[in-house]
Amino acid sequence: MKKLLSVTFVLFSVALSIIALATPPNRVTLRGSKPSWATSGNHVRPANPSDRLGFRVYLGWTNPAGAEALARAVSDPHSQSYHQYLTPEQFRQQFAPTGNQVAQVQNWLTSQGFTLVYTPANNHYVSAKGTVGQTQAAFGTNFGMYRVNELGLTLRSPSEDVSIPSSLSGLVSGVAGLDQSFEFIHPNTVVDTNAPPSAGFRNAPPLSLYWAQYLTGVPVAPYTPPPAPPGYSFPPGFTDVPLPSVPWSIKGHTPDQVKGAYGISGFDGTGQTVAIIDAYASPTILQDANQWSTNRGIPQFGTTGGGTFTQVVAPGTYNVHDNRAQSPTGWYGEETLDVEAVHGMAPNANVVYVGAPNNYQDLDAAMNHVVDRHLAQIVTNSYGFHGDARLPFGYVKPLNDTFIQAAIEGIGIYFSSGDSGDETSVLGFAQTDWPASSPWVTAVGGTSLGVDAGNARVVETGWGTSSYNCNKSTLACTRTVYLYGSGGGVSTLFAEPQYQIDAGLSFTGRGVPDVAALGDPNTGYLIGQTQTFPTTCNGPGGASYDEYRIGGTSLSCPIVAGIMALSDQKAGFAHGFANPFFYGLGAGSFYDVLAVETAVARRNFSNGVDDCNGTADRLRTFNDFLIGSPTQSTGPGWDNVTGLGVFNGVP
């Protein structure tokens with residue numbers, strides 16, 4: 001059975017292999033280094049040869065088959081090598097490229113006029129920078145700008161697969177950064193070079209504190225609104241909205257509510273460390289997280305019962321390149337969500353935040369830094385790329401190698417499965433997201449959750465949402481669009497891994513996701529963040545701390561990572577790459593998420609912060625996939641929305 005998984009990666013390696021060209025005889029081609037979207041039909045213009053770029057030349061492991069075999073063995077509960085992890089130093093001794101091999105790559109790059117930037121301790125890559133003109137000459141192909149219609153972007157790419165000197169053919173496994181496939185990464189952000197606190201946002205009342213506390217038209221009990229935000233007064237009669245009798249959306253789930261729904265108790269993450277990888281770093285994150293913790297009744301970072309919080313920037317990453325403005329503020333809410341979700345689940349776990357200094361290229365370097373320095377035993381990642389098969393193999397293969405090193409060192413890598421369902425609504429066809437589709441990571445999907453006043457689960461189903469506009473006069477709600485939902489499906493890039501085969505599943509490729517947790521923004525998580533509020537009819541704006549509801553599989557993933565910190569504490573060891581463990585658990589370990597057709601109503605401020613410009617009412621559905629994500633469904637057992645399901649207690 002292990003042979004099947006080995007075959008999977010042998011075939012993958014063949015697809016990425018370097019083959020010799022007939023001409024010139026002293027060069028070889030890196031097959032798959034040109035992305036699929038860079039076609040002659042999409043060509044717009046030649047790339048500007050004076051544009052600057054940064055890139056990484058990746059070197060493969062010296063014994064890739066042996067590394068994969070060891071990664072499987074230390075992660076397999078039935079193996080005698082289970083949990084016998086290597087240290088980073090031991091991994092480098094056995095599998096890392098040698099200093100002489102790195103020097104060969106470095107010497108070639110400098111001979112082509114590039115400036116060397118950084119090489120990590122595991123010698124996994126050599127980063128360099130230069131111009132497009134230098135890159136065209138060094139890699140033997142022209143570069144062009146190509147239209148990517150479904151994303152509305154025009155991106156740079158080599159016009160053909162690039163080539164390298166034949167002397168490097170056994171060393172180089174791929175080059176990341178020559179093309180701009182990393183623009184597919186989400187969350188997408190707004191351009192803002194000044195980086196103030198994020199633009200303010202508030203959820204409009206009525207806001208229930210738990211599922212169905214307030215129903216549209218008729219509150220369950222006399223409605224007492226929560227305290228008004230500063231500078232805001234509630235409009236009269238705001239509960240009297242003629243919608244179908246469905247629950248109003250909640251203010252936002254708290255850690256106690258999530259833990260109650262999932263039967264999580266008895267552990268606090270003591271002695272465990274979780275790393276969070278995102279782009280940029282919020283300047284107010286620690287004070288925000290501590291204020292939020294106080295409001296939730298859990299220990300602040302750095303206090304008794306509260307773990308430590310540190311921030312790290314991976315060395316050798318690019319502060320500015322490609323002549324593009326940076327976009328920090330759009331990621332501040334992402335970081336806040338990730339930190340407060342992990343801390344809410346495991347308040348005494350240590351959190352290491354690793355921020356890439358840009359939002360489009362250096363997340364892979366940040367991952368390598370976390371793994372090679374073993375900064376944590378669990379790594380949560382709330383980002384991904386629309387469609388794994390649309391990325392060049394030269395980007396996918398090196399990052400997959402980093403995940404294999406993580407498994408060997410006992411580090412569990414968790415990725416959100418995506419917020420666009422099966423990607424049909426974005427790409428026009430079904431695809432799984434990368435890196436969630438890697439067989440070496442745990443992909444985390446999302447659910448819609450309702451919790452009662454006693455913190456018990458009332459409803460939990462697959463997250464797939466259509467939006468309906470509602471007319472207050474006629475009572476009519478009209479569907480407008482499939483909005484978002486848990487990413488999932490079957491990869492066309494990776495074969496089905498052995499742990500899914502052993503669990504009795506039969507897919508044409510790697511099935512996504514593996515597990516799930518709360519994700520639906522309409523039933524989401526309450527976070528606290530310093531934001532910049534505008535001046536409105538209610539008074540002057542400015543930067544201030546406030547709390548609002550947020551969601552996505554960007555929420556699901558850190559919730560699962562926090563719970564796994566509790567699981568490691570309970571077990572007394574790091575589970576590392578946990579998919580073989582998860583798929584070998586009995587059915588009682590997971591709550592089987594089934595299809596439930598229901599909805600919530602929500603009111604939105606037209607200006608995003610108060611009622612000065614009016615409000616709009618919406619109906620948001622649960623478990624809604626037919627239009628927008630047609631290959632997905634929620635049902636008994638594993639499904640492509642929630643995987644095995646949600647944890648039923650600490651696993």
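Just so it is clear, the structure is predicted and the values come from calculations on it, not from any experiment. Hydrogens, waters and symmetry mates are skipped; everything else that's a heavy atom, side chains included, is used.
Defined by atom type and a distance below 3.5 Å, a donor-acceptor pair is missing between the side-chain atoms of Glu409 and His374. Side-chain contact of Ser629 with Asp422: a donor-acceptor pair under 3.5 Å is present, judged by distance alone. Between the side chains of Thr402 and Gln405, no donor-acceptor pair is found at a separation under 3.5 Å. Residues Tyr482 and Thr424 have side chains that never bring a donor and an acceptor to within less than 3.5 angstrom of each other. No side-chain donor from either of Gln180 and Ser157 sits under 3.5 Å from a side-chain acceptor of the other. Under the 3.5 Å distance criterion, with hydrogens and angles disregarded, a donor-acceptor pair is assigned to the side chains of Thr294 and Gln300. Of the N and O atoms on the side chains of Thr465 and Trp463, at least one donor lies less than 3.5 Å from an acceptor on the other residue.
Remark: side-chain polar atoms of Gln431 are not paired, donor with acceptor, to backbone N or O of Ser491 under 3.5 angstrom. A donor-acceptor distance shorter than 3.5 angstrom exists from the side chain of Asp288 to the backbone of Thr530, with no hydrogens or angles considered. Of the possible donor and acceptor atoms, none in the side chain of Arg56 sits under 3.5 Å from a partner among the backbone N and O of Thr119.
Scanning for salt bridge (charged side-chain N to carboxylate O under 4.0 Å, His left out) contacts around Asp401 gives Lys397, with sequence neighbours left out. Residues passing the ring pair (Phe, Tyr, Trp, His ring centres under 6.0 Å) test with His124 are Tyr58, Trp61, sequence neighbours excluded.
Within the cation-pi definition used here (under 6.0 Å to the ring centroid, within 45° of the axis), Arg202 qualifies as a partner of Phe533.
Taking the six-membered ring for Trp and thresholds of 30 and 60 degrees, Trp292 and His343 have ring planes inclined between 30 and 60 degrees apart.
Pairs of residues two or more places apart, or lying in two chains, never qualify as salt bridge (charged side-chain N to carboxylate O under 4.0 Å, His left out) while including a residue from residues 377-386.
Taking the charged nitrogens against the carboxylate oxygens, Arg620 and Asp520 have no contact shorter than 4.0 Å, which rules out a salt bridge.
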